[in-house]
Amino acid sequence: MRLLPRSLSGQLIGLLLLGIVTAHLIVISLDGGSAGNILPDARNNAIESIATAYRAIEACGDCDVEALLAAMGSSNSSYRLVPDAPAVPEIDESEAKLAADLAASAGLPPTAEIHVNVEAPATDTYLPGRRRYATLDAALRLSDDRWLQASLRPVVRSQWWLRFSVPVSVLPVLLVVSLFARRILRPTKALAAAAERVSRGERVEPLPVIGPSELREATAAFNTMQQRLSRFIADRTTMLAAIGHDFRTPLASLRLQVELLDDEAVREPMRRKLDEMRDMIDATLHFARNDSVREPTEVIDLAAMVEGICKERSSLGQAVSWNLPTALPYRCRPIALARALCNLIGNAVHYGHSARVRLTPGDRTQGLSIVIDDDGPGIPEELLERVFEPFFRVESARCQEACSTGLGLAIARSCITAHGGEIRLENRDGGGLRATILLPA
């Protein structure tokens, strides 16, 4: 189960919210146990008020007790005399402590009969700026066996601030972070998109160096890297063009001399050998130049392209079958990708006598795949990677045709790698070889 969101902005917002919630939990743990308890000053005032009323009645003598009690009452306190002890529930530890403090304040012994009952507010519905009150009922036995019953409303602690501080602190954070996170991370998304295009072999314009200092440094480094790569490719292309010219000049001279020979039996083998040398040189220079990177990128129907290659092979009498989706738009360099597919399908038909092609669409995490199965003898496990090396052949006797250079798989891998993908070879359980092309979606 993934708890953090995938995007950096989402993770930043999540971490900020986690910090705010953690801070509130710490405050609750430090002060939460006192929520609903009577404030110390209110508790002391309530005890002193009840003790004062008790002492005043005891010292009243023949005075008007009812008038005295009425004078001592207020909006949050009332006193009256009752003949019998009121029924009160069993007291808890805090109420017992309050009764002991009341006895001490009234000058009574700890064993004096004092009944205390405290009821906290049932619900926390008070708004900021308004006090919360508990109900404190106390009864003390007088010297004439009557009871002084007091009912007070002392102020209690409240955590109403939690109801307001959480949204007040969270909502502005969400708003500010949402607005600025996208702006701050916009260069990161542009850098990721540009890197993805470069991985496919595309040429992108230098990115603007904006954003925080770390992103500025990363963007500047990316622009420098791309400039150096472009310069390296241009220099290598120029060098290979010169090499190709130097190779073709003596070949053309030799070809001219061969054509001037009168003996056809001697001329034809020499002509065939020169053609083979020319093809090998062209294939080698093509592989070294890596023309798949120089081809412009465009959006094509990949399913239609694969179907066209398969139909062309099938029309030549080759055992090629295919299972493709109706349509699959894909951004690629079509000539290079078609060359890789032709090489792999050609190998499957030549060595496995058949080719079954399957195209499976994918998503941004898994990508798409093109699977090519044949019914041939397969390749030894230890050679599955070596066959991609230039000029490497599993069996030299199988590749004696003039058109074979040992570069087919190497060129195919170069084309697919230039698209940011990869090729995998594996022997199937039922026999035959499977070639899997994995491309980013």
Side-chain angles (χ1 to χ4, degrees), residues 2-23 165-238 289-300 302 328-337 361-368 414-422 438-441:
R2 189 180 183 88
L3 297 179
L4 288 178
R6 294 182 179 275
S7 65
L8 184 57
S9 60
Q11 292 186 11
L12 179 60
I13 293 174
L15 290 175
L16 288 175
L17 292 179
L18 180 62
I20 293 174
V21 172
T22 303
S165 65
V166 172
V168 166
S169 58
V170 168
L171 293 179
V173 169
L174 288 178
L175 179 62
V176 173
V177 173
S178 299
L179 291 176
F180 285 91
R182 296 180 182 274
R183 180 179 179 182
I184 293 174
L185 298 178
R186 193 177 301 146
T188 304
K189 294 183 177 180
L191 182 60
E196 196 272 339
R197 291 179 59 189
V198 170
S199 70
R200 294 171 178 255
E202 300 183 35
R203 178 73 171 87
V204 299
E205 295 297 325
L207 299 176
V209 182
I210 57 176
S213 59
E214 293 82 2
L215 290 180
R216 288 174 176 268
E217 294 175 2
T219 303
F222 175 83
N223 291 336
T224 302
M225 177 198 70
Q226 186 179 211
Q227 292 175 359
R228 291 175 179 174
L229 286 175
S230 300
R231 190 181 306 116
F232 169 76
I233 293 174
D235 293 343
R236 191 182 69 168
T237 302
T238 303
R289 283 199 308 266
N290 196 5
D291 289 340
S292 60
V293 177
R294 301 168 59 189
E295 180 188 353
T297 303
E298 59 182 286
V299 178
I300 64 166
L302 183 59
L328 181 59
Y330 189 68
R331 183 178 180 86
C332 65
R333 289 176 290 281
I335 297 177
L337 191 55
D363 51 30
R364 294 193 65 85
T365 57
Q366 295 183 352
L368 60 88
S414 176
C415 294
I416 298 302
T417 303
H419 283 80
E422 59 176 317
L438 300 175
L439 292 170

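All residue numbers refer to positions in the sequence shown, counting from 1. Side-chain atoms are counted along with the backbone in the values below, which use heavy atoms only and exclude waters and symmetry mates.
In terms of heavy-atom proximity, G420 sits nearest to P440 at O-CD, 3.5 Å. Smallest separation of non-hydrogen atoms from R216 and V209: NH1-O, 3.2 Å. The two residues A218 and L191 make their nearest non-hydrogen contact at CB-CD2, 4.0 Å. The shortest non-hydrogen separation linking Q226 to E205 is NE2-O, 4.4 Å. Closest of all the heavy-atom pairs between C332 and L337 is SG-CD2, 3.9 Å.
Here L439 contributes atom CG and Y330 contributes atom OH; the two are 4.0 Å apart, rounded to the nearest 0.5 Å.
Contacts of E298 classified as side chain to side chain contact (heavy atoms under 4.5 Å, CB included), with partners at least two apart in sequence or in another chain: I300, P334. Shown here are the side chain to side chain contact (heavy atoms under 4.5 Å, CB included) partners of E422, two or more places apart in sequence or in another chain: R424, L438. Evaluation of the side chain to side chain contact (heavy atoms under 4.5 Å, CB included) rule for A194 yields V204, L207, F222 as partners, not counting sequence neighbours.
Inter-residue side-chain proximity for I210 and L215 is flagged as unmet; no heavy-atom pair is nearer than 4.5 Å.
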